[in-house]
Structures are given as C-alpha cells and as structure tokens.
> 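For reference, the structure I am asking about is given below.
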Amino acid sequence: MTDPSARATWLRDEIARHNEAYFIRDAPLIPDADYDELVRELRHLEAEHPALATVDSPSASVGATPSDTFRPVQHAQAMLSLDNAFDESELRTWADRVVRALSKDPDRLSCSVEPKIDGLALSITYLDGVLSQAATRGDGTVGEDVTANVRTISSVPSRLGATLGRVDVRGEVYLAKSDFRDLNERQRLRGDREFANPRNAAAGSLRQKDPAVTATRPLSFLAYQVIDPQNRIGATTQSALFSRLRELGFLVAAEATTEVGVEAIVARSSWFETHRHDLDYDVDGVVVKLDGFGERSSLGSTSRAPRWAIARKFPPEERTTRLLAIEVSIGRTGRATPYAVLEPVNVAGSTVSMATLHNQDQVLAKDVRPGDLVIVRKAGDVIPEVVGAVPSERGERGERWIFPAECPECGGPLERVGDERDIYCVNPSCPARLLQQVVHFASRGALDIEGLGEQRAAQLIQAGLVRDVADLPTLRVEDLVGLEGLASVSAASLVAAIAGAKVQPLSRLLVALGIRHVGPVAARALAAWFLTYGDLAAAPLAELEAVDGVGPVIAASVHRFVRSPEGAERLHRLEEAGFTLFEPRATALDQTLAGRAVVVTGTLAGFSREQAESAIVARGGTAPATVSAKTYCVVVGQSPGMSKVTRARHLGVPVVGEAEFEGLLVTGAWHTTIADAGDAAL
Ligand code: IVH
C-alpha cells in the first residue's frame, strides 16, 4: 500500500476501530505500542502531505465518542492528551524547545517528574467543597457521567473541608497491582471472566451500570491537576499543588518529585524506567511538566496537548509479531518446554525472536498456532512470553499444535511423569539434558566455575569428554588442548577452575547437583541441618520434611535423588575426585536476630544483596523478600522498592536506613527509623 491517501484512510479506519475497542468496550485488540505506532504513522503522513489532513482526523483528537450508557458531560475545560517522547533524546528535544521558548538557562529548568499511571483520566467537580459530578475523559470535550460510581471510591473525598466555589480535580483512576491480583482471584473463584490487565479491570469497574458493583472493586484515585480559574486553591507550582491536594484529602503519587536542571530531569525519568516494576501500579511512562504555572501559561497548548508537558513513554513491554513455529527445548531435568519461534521484534528495548509458552496446557489454553499474529510480553527481568493470539487478526488458521511424542534432541520418548502436568524426556543420557546440567553445575549460584559456559560445555560433550557432570574433574589439560579455541593456557585455567570448585561447601554442591526444586535456600537449609552428605543421604523422608524451609515437595525430590543409583554413583565419583561433602560450621556469632524477619530493599553500601541476607541468617534471622505484619524491620538502601517501603508504613513495620544495618546485626536493635522514607530513601 504505497498510495499515501489510501494509506491515510486505512490508518484512520484502523485507529477508529481500536479507539472504539479501547475506550468504549474496554477490550483492546492490540498492545498500546502498536496503537501508538499507527497514530504516529498517520501524523507523519499528514505532516508530509498536508492535503490529506482532515478536521476529524483521529490524529488530532483524544479518545473516542462517549458511549450512550452514561449521560454526557461537557468538560469546563477540554481534557487534553499529552505529546509523547519515545526515548531520552526526544525528551531532551522537548526540554530544549521549552528552554528556548522561555529564554531560560537549561540548568534552571524546573519540572515536576511524575509517574504516568496506566489508568483512566477522571475529572471530578466540587461545588463549594462538595463532590457534585465526576466524568471520564470521553473525546476530551464531552465525557461520561460516572458520578455514582466515583462516589464509591474510597480515595475520592466527598467533601473538601474548604469552600472553594467550583474546582475540577483531575487525576487517574487505577487498580493497584496487588488489588488487581486479588480481584482476578475472586473472579476466578466465582467462575467469572478474568481481566487482562489492571487498566482494563479499572476501566471495566468504573464504567459499570450498577454502582454497587463498582463499590466491590478496589479502585484508587491519584490527583495531579486542578481546573481552578479563580485560583482559589492558591497554588502557583505543581509541587505546591500536590501539597494542597494532600491537605484537601486526595492521594498524590508519592514518587513525584520536582527536579531542577535538564540533567536532573532526565535522570529522574530514567529512575522511573528502572524502577517501574517496583511500583504498586502499572506505569507506561513518566510525565514531565513545567513546575511553574506562570511559565505554563506563556507556552500554552495546542488543541490536542499542552506544550508545557511531555510523556516519556517507556519501551513497550508488549508487541505483536508473527508466530513462525512452536518448538520444544529440553532442560536439565529433562523437562520439555514448548517455545515460540517469532519474527524478531523489539520488546522492552531488546530484540526478541523466541518466547516461552510454558507448557502444553498453556499452548492449548492460549490456542496459538504457527502463522498467527501473537502478542509477546517481556516485563523487567522476566523471560519473554507469548500472551496470546491477536483475536481480530485470526482469519484462516493453521493446524492446532500437538506436543511431539519424541525428544527433538535425542529421539527418545517424551512422557508425562506421574501426575505432573509437565512432559519429560526420560532418557538420562539425552545430550540436551546433559548440556543444561553441566551449565547449571558451573553456574554462579552453584559451583561458579569460570570459563565453563554453554558453548564450552557443548564442545566438551560433543567431543565425548563429558558424559556426566562427574566427568568434569577427570579432564586433563592434554585432553582439552586442540579443541577449538582452547590453547594450553586456557585449557589449564579451565582444569584449575574445576579443581577450585572442590573446596566449595556442601550447600553449593547441593545446588550444583540440579536436584529438582532444590535452589540455594533449600540447599543451605539442608546443609546446615545435616552438615554432611552422608547424613543427608541416610535421612528418612520424615526427617527431610522436618527441616525448616524444606517442604514435602522438596523433601520427596531430595529423597528420590539421593537414593537413586545415578545419584549415588555421581556422588561417589565426586567424592573420589575430592569434592567437599560437608558444610563447614560457621563460627558462632551472637544470635541477635534469632527468629526475626528482616527485609532488605535497595543496595546497601559494602554488602551485596546475597551478603546482606547471609549476614542476617548468620545472626539467626531470616531475610524474606516480602514485608508482612510479622516483619521485624525493613532496611532501606539506595534505590529501594517503594512498594516494600509503602507496605511497611501501612503495616506499622519499622523502616531503618542502611547506616543502621551493621548495628542491627551486632545488637539486634537500631537508633533511629526513617521518618519519611519517601524523602530520605530516594
Ligand atoms: S497530566 C493536560 N499527569 O496520561 C495534561 N496525565 O496520555 C493532562 N496520565 O490523559 C494530563 N498519569 O490519563 C498527567 N501524572 C500524570 C498522568 C497523566 C497518567 C494520563 C492521563 C492523560 C494521559 C495522556
């Protein structure tokens, strides 16, 4: 489709179709990033060919025509959209333009940097301090009257405790991630449809015909703007406005800050990008706004968006792409995991060409088939996954995918083991299984053998030098020299690195053995309890289950492994080779934290995360990942997870700074807590 006019018409229809799905039916058909791309392309076309622009083009308007379920409400002042910056350089371009327009020194540019909450914009009208009306954005000029529903939201005050004439308070309605999980759990238990994401759940909840239903949904509201022509609220900057809004009973984003200077503004917006997953609400970017209202007026707005603000969008975590094939990979336990081979697509800043499909049930439930257009998601450090097929694009479809009966690596049978839902290659000498076992044996959390990564391991297996991890200590320099990329020096270092692993304690060896379900936490618990491999192997199942931190599933798996002929043989050979089969007793430290749970969040000076946790454990405490009412205290380092801090505050759990950490270890107590972690910790 090269004809610009035909392309523009197609884009307009397509955008209108997606607007309707997103704004009216609360059921988007494609990820937001794909939608943004359509709008961007249309704007681009219209800019290049001004004759193509139409007055009613969706590129110039916001949202969609309101539905007729709710009474229409004319907004006192249009609810504008925001222009987007898709990367740091676009943010800098915006800042440059603002600095020039205001003739300002870039180091003195003062902006509010706020999370861009992925919810729904709402405008709430107060008359003489009393909530009188609440409306959705609609098309920006006319919204929908959702007053009765908004009255059920606990974070929306019904009275302001101040008589202010008419003010419209604007902000975002959203569902906190934790509330979203609870809501979906309830939906599931009741057999009701689960929501795709917190935004859809919030939209569906706000736009209920019956306010009693909305009342059962844990919606929240964060305020960020007021329409107050007489300036009765009396704020002249965004920071002052946030304080006033708080005084009036509204919630405002705790992470919003005022930054001075372009560099500080850019740095704070990157902070949000790094920490987006630590927040208890979904964000799709940051909003940067001029702090001073006077400066805002001198810049003004276009019909669509203010010039004084910009949304820096984060790299999208969901994209659509073509599913080329479904294949199966074999892990170290022999588990066969289906994965998608995709047409490469950029997701969350990196190119994705493969994504997990988890297991057979998931492939069936998602009903994805080779040839489909699918949605791929990559959030934070989580491995990319296929969310599902794009429903609107399902035309002629390929065959349903069937799990193969044979291992793609060794040709052995793939079988369900016991009543597990997973499927396994049961051939113990399957080369794919062996490769993953060797890689795991040498990995950092296990025996940490430098120079033994996936490529090297594959080479050793292919050369027939390694048939089991217990063959590794038998390797000699002369066996290795001559393999590609292995001269005598690197061969000698590899042999030395393997020999060096022999001194690692039993807890590390237990991880390295790759016993199903045994990670570092269980391995440490088992090693600390039994102290020697001999005692562990001789223990009856009931004693394994009695170990603190070892549940019945782990106990059964360990019991099975240590009593299996392969397990016994492998251990025997490792022992012969000189590996350490015992746990050195820690020198006794005062158990200042006995029975106490200390949560660490953020980076502590002088301690890696692992070191901080083991220091707590060495003092008799535990270091769980989440805050509960039983938590003894939360230690906050640099760049902490704010949801942990917020939760601690909510539960009344003491929050202490990193300066207190060493004292806490030695005495079990602290001198001062952080009065306002919102300021002190960030
Ligand atoms: S200010 C005229 N601030 O993003 C300025 N908007 O893409 C109006 N949003 O319609 C918006 N967080 O629904 C602003 N801290 C924030 C926001 C925010 C989320 C939403 C809002 C707006 C949309 C624009």
Side-chain angles (χ1 to χ4, degrees), residues 19 22-23 26 32-33 35-36 39-40 43 58-64 75-86 90-91 94 98 111-124 134-141 143-144 146 168-176 198-200 202-203 206-207 219-228 237-239 241-242 245 250-259 265 268-269 272 276 279-291 293 295-297 299-314 316:
N19 277 346
Y22 184 96
F23 290 105
D26 299 325
D32 292 358
Y35 174 86
D36 285 347
V39 175
R40 229 145 99 105
R43 287 218 188 104
S59 65
S61 65
V62 183
H75 295 302
Q77 224 180 70
M79 290 184 80
L80 299 183
S81 186
L82 291 169
D83 283 334
N84 292 325
F86 287 96
E90 291 186 6
L91 173 62
W94 173 82
V98 171
C111 284
S112 169
V113 185
E114 307 168 16
K116 186 172 187 308
I117 301 147
D118 199 7
L120 294 93
L122 189 70
S123 184
I124 312 173
T136 63
R137 182 168 64 175
D139 65 3
T141 311
E144 301 158 314
V146 286
D168 293 5
V169 176
R170 292 180 177 175
E172 206 76 1
V173 175
Y174 68 97
L175 261 174
R199 192 202 170 275
N200 289 147
L206 182 67
R207 301 171 74 259
L219 290 171
S220 307
F221 177 76
L222 281 183
Y224 49 67
Q225 193 185 14
V226 292
I227 305 299
D228 174 24
T237 62
Q238 183 73 2
S239 26
L241 176 66
F242 278 145
L245 283 168
F250 292 95
L251 291 180
V252 300
E255 298 83 5
T257 56
T258 311
E259 304 292 337
I265 292 165
R268 183 63 184 171
S269 74
F272 274 102
R276 62 186 296 192
L279 307 174
D280 195 27
Y281 39 77
D282 273 348
V283 289
D284 58 349
V286 285
V287 186
V288 178
K289 302 170 180 169
L290 267 179
D291 193 41
F293 294 172
E295 289 183 340
R296 289 185 187 182
S297 314
L299 285 186
S301 303
T302 67
S303 64
R304 208 192 79 87
R307 292 194 191 87
W308 45 261
I310 187 99
R312 175 177 170 187
K313 291 283 209 101
F314 297 145

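All ligand and atom numbering here is 1-based and tracks the order in the structure. By convention here, the first residue in the shown sequence is residue 1. Just so it is clear, the model here is predicted, and its values are computed rather than measured.
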> Can you report which non-hydrogen protein atom sits closest to atom 11 (C) of ligand 1, along with the distance?
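Answer for atom 11 (C) of ligand 1: Tyr224 CE1, 3.9 Å.
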> Any side-chain heavy atom of Arg276 within less than 4.5 Å of one from Lys116?
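Answer no - side chains too far apart.
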> Evaluate the criterion side-chain hydrogen bond (donor to acceptor under 3.5 Å, both in side chains) for residue pair Glu172 and Tyr224; output intermediate values, then yes/no.
CA-CA 8 Å; Glu172 206 76 1; Tyr224 49 67; 2.8 Å; yes
> Would you check if Leu122 and Leu206 make a side-chain contact, meaning some heavy-atom pair closer than 4.5 Å?
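Result yes, sub-4.5 Å side-chain heavy-atom pair found.
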> I'd like to know if Arg137 contacts ligand 1, where contact means a heavy-atom distance under 4.0 Å to any ligand atom.
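A heavy atom of Arg137 does come that close to ligand 1.
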> Check side-chain hydrogen bond (donor to acceptor under 3.5 Å, both in side chains) between Arg307 and all other residues, then give those that pass, not counting sequence neighbours.
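With sequence neighbours excluded, Arg307 shows a side-chain hydrogen bond (donor to acceptor under 3.5 Å, both in side chains) to no residue whatsoever.
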> Could Arg268 and Phe272 be counted as a cation-pi pair, given that NZ or CZ must be under 6.0 Å from the ring centre and within 45° of the axis?
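Yes; both conditions hold, so Arg268 lies above the ring face of Phe272.
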> Check contact between Pro306 and ligand 1, using heavy atoms of the residue and a distance below 4.0 angstrom.
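Heavy atoms of Pro306 do come under 4.0 Å of ligand 1.
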> Which residue owns the protein heavy atom closest to atom 8 (C) of ligand 1, what's the atom, and how far is it?
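It is Gln225 OE1, 4.0 Å.
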> Looking at side-chain heavy atoms only, is the closest gap between Val169 and Leu245 below 4.5 Å?
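When only atoms from C-beta onward are counted, Leu245 and Val169 do touch, with a gap below 4.5 Å.
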> Which bit of Lys116 gets closer than 4.0 Å to ligand 1, counting heavy atoms only: side chain, backbone, both or neither?
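The answer is both, backbone and side chain.
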> Heavy atom under 4.0 Å from ligand 1: found in Leu82's side chain, backbone, both, or neither?
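It is both backbone and side chain that touch ligand 1.
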> With heavy atoms under 4.0 Å as the rule, classify the contact between Lys289 and ligand 1 as side chain, backbone, both or neither.
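Looking at Lys289 and ligand 1, just side chain atoms fall under 4.0 Å.
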> Is there any N or O on Ile117 that sits under 3.5 Å from an N or O of ligand 1?
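Checking ligand 1 against Ile117, an N or O pair does fall under 3.5 Å apart.
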> Give the contacting part of Pro115 toward ligand 1: side chain, backbone, both or neither, where contact means a heavy-atom distance below 4.0 Å.
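Backbone only.
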> Which residues pass the salt bridge (Lys or Arg N to Asp or Glu O under 4.0 Å) test with Asp118, not counting sequence neighbours?
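With neighbours one apart ignored, the set is empty.
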> State plainly whether the residues Arg199 and Asp282 are in salt-bridge range, i.e. N to O under 4.0 Å.
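Result for this pair is no, no salt bridge flagged.
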> What is the closest protein heavy atom to atom 20 (C) of ligand 1, and at what distance does it sit?
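I find the closest protein heavy atom is Glu172 OE1, 3.5 Å.
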> For atom 15 (N) of ligand 1, find the nearest protein heavy atom and state the residue, atom name and distance (0.1 Å precision).
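Scanning the protein heavy atoms, the shortest distance from atom 15 (N) of ligand 1 goes to Glu114 OE1, 2.9 Å.
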